[in-house]
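On a predicted model such as this, the values are computed, not experimentally measured, just so you know.
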Amino acid sequence: MNKDIKKILVSEEEIQRRAEELGKQITEDYGSEGKTPLVVALLRGSVPFLAELIKHIDLDIQYDFMDVTSYEGTESVGDIKILKDLDTSVKGMDILIVEDIVDTGRTLSSVVNMLKHKGASSVKIVTLLDKPERRVKDITADYIGFEVANEFVVGYGMDFNQHYRCLPYIGVLKDELYS
């Protein structure tokens, strides 16, 4: 375990197992409706989860990336910035957003509204982590990996000032490192 981590919340094996379950559920849900989603990953944090998840979606999916931010340090400031938009038109498409964590909901709420405004037929969300205690926007993920308490989590794509993203598990960062 990394010396800066207080405790491990979710192991790599648990993430892999849950991604497989979510992939099968997504396959069943979209497949039973005869739909194939455009999978939209929100950079950068969702990339490890995306890589694991798509191995278990048995549909001929496409994927694209958006880079959006609403954070400065450890706090969501509510000002959404689009750093990279999609390369694919979403008009008439069923979108499945892949997110690392749903926290305040500000970023996702803005992204969902933007995709709908651009003509997406439907927009659903799959997230590795859900932190409902911090929610300020009324948004709910359709598929949730794990619900977590209000602790500062890092690893498996999630960072603190661009560090700890490559940890193979999700851990809680020691308080003294960000307080």
Side-chain angles (χ1 to χ4, degrees), residues 10 12-71 76 80-131 137 139-148 153-159 162 164-170:
V10 187
E12 183 176 16
E13 294 77 18
E14 290 171 309
I15 295 167
Q16 291 168 342
R17 195 168 34 255
R18 187 66 181 130
E20 182 177 357
E21 294 167 356
L22 290 169
K24 286 179 180 176
Q25 187 64 55
I26 290 165
T27 299
E28 184 179 310
D29 292 351
Y30 280 93
S32 68
E33 297 173 9
K35 296 179 178 181
T36 302
L38 170 65
V39 177
V40 174
L42 300 184
L43 296 173
R44 298 178 193 158
S46 70
V47 171
F49 180 47
L50 169 73
E52 186 61 38
L53 180 67
I54 62 176
K55 291 191 266 182
H56 307 290
I57 298 176
D58 191 17
L59 299 167
D60 187 23
I61 60 169
Q62 299 174 41
Y63 58 89
D64 201 346
F65 300 92
M66 288 183 76
D67 193 355
V68 295
T69 186
S70 67
Y71 278 81
S76 176
I80 308 302
K81 295 179 185 129
I82 298 173
L83 306 174
K84 182 215 174 294
D85 204 348
L86 296 171
D87 294 327
T88 310
S89 171
V90 300
K91 188 170 180 128
M93 299 194 81
D94 297 296
I95 306 299
L96 178 63
I97 298 172
V98 178
E99 181 63 300
D100 55 355
I101 185 167
V102 181
D103 192 0
T104 64
R106 288 183 179 122
T107 302
L108 266 179
S109 180
S110 294
V111 170
V112 167
N113 289 335
M114 184 181 68
L115 293 171
K116 287 179 178 177
H117 181 73
K118 288 183 173 192
S121 291
S122 68
V123 180
K124 291 185 177 182
I125 300 163
V126 57
T127 186
L128 178 56
L129 300 181
D130 186 28
K131 197 187 283 189
K137 288 285 190 175
I139 194 153
T140 305
D142 301 274
Y143 306 95
I144 298 169
F146 304 92
E147 189 173 303
V148 295
V153 294
V154 294
Y156 216 82
M158 289 166 276
D159 73 301
Q162 302 303 325
Y164 312 106
R165 283 192 194 280
C166 294
L167 295 175
Y169 53 81
I170 298 165

Can you tell me if [X] has over 12 outside heavy atoms packed within less than 6.0 Å of its [atom1]?
{"X": "R44", "atom1": "CZ", "result": "no"}
{"X": "K116", "atom1": "NZ", "result": "no"}
{"X": "K137", "atom1": "NZ", "result": "no"}

Roughly how far, to the nearest 0.5 Å, is [atom2] of [Y] from [atom1] of [X]?
{"X": "L96", "Y": "L38", "atom1": "CG", "atom2": "CG", "result": "9.0 Å"}
{"X": "S46", "Y": "M158", "atom1": "OG", "atom2": "CE", "result": "10.0 Å"}
{"X": "L108", "Y": "I97", "atom1": "CG", "atom2": "CD1", "result": "5.5 Å"}
{"X": "I57", "Y": "T36", "atom1": "CD1", "atom2": "OG1", "result": "10.5 Å"}

Tell me the closest heavy-atom pair linking [X] and [Y], and the distance in Å.
{"X": "L59", "Y": "I26", "value": "CD1-O, 4.3 Å"}
{"X": "V98", "Y": "F49", "value": "CG1-CD2, 3.6 Å"}
{"X": "V126", "Y": "L22", "value": "CG2-CD1, 4.2 Å"}
{"X": "E14", "Y": "F146", "value": "O-CZ, 3.5 Å"}
{"X": "I54", "Y": "Y63", "value": "CD1-CE2, 3.9 Å"}

Tell me if a side-chain donor or acceptor on [X] pairs with a main-chain N or O of [Y] at a distance below 3.5 Å.
{"X": "S121", "Y": "G92", "value": "yes"}
{"X": "D64", "Y": "D87", "value": "yes"}
{"X": "T27", "Y": "D58", "value": "yes"}
{"X": "D130", "Y": "I144", "value": "no"}

_I'd like to know if E20 pairs up with K24 as an ion pair, taking the criterion as any Lys NZ or Arg NE/NH1/NH2 lying under 4.0 Å from an Asp or Glu carboxylate oxygen._
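So E20 pairs with K24 through a salt bridge.
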
*Run the salt-bridge test on E21 and R18 with the 4.0 Å N-O cut-off and return the result as yes or no.*
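So E21 pairs with R18 through a salt bridge.
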
_Under a plain distance cut-off of 3.5 Å, with no hydrogens placed, do D94 and S122 share a side-chain donor-acceptor pair?_
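Result is yes, a qualifying pair exists.
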
_Matching residue for V111 among V68, I125, V40 - test: side chain to side chain contact (heavy atoms under 4.5 Å, CB included)_ =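 Only match with V111 under side chain to side chain contact (heavy atoms under 4.5 Å, CB included): V68.
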
*So among V102, T104, V148, which one has a side chain to side chain contact (heavy atoms under 4.5 Å, CB included) with K131?*
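It is V148; the other options fail the test.
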
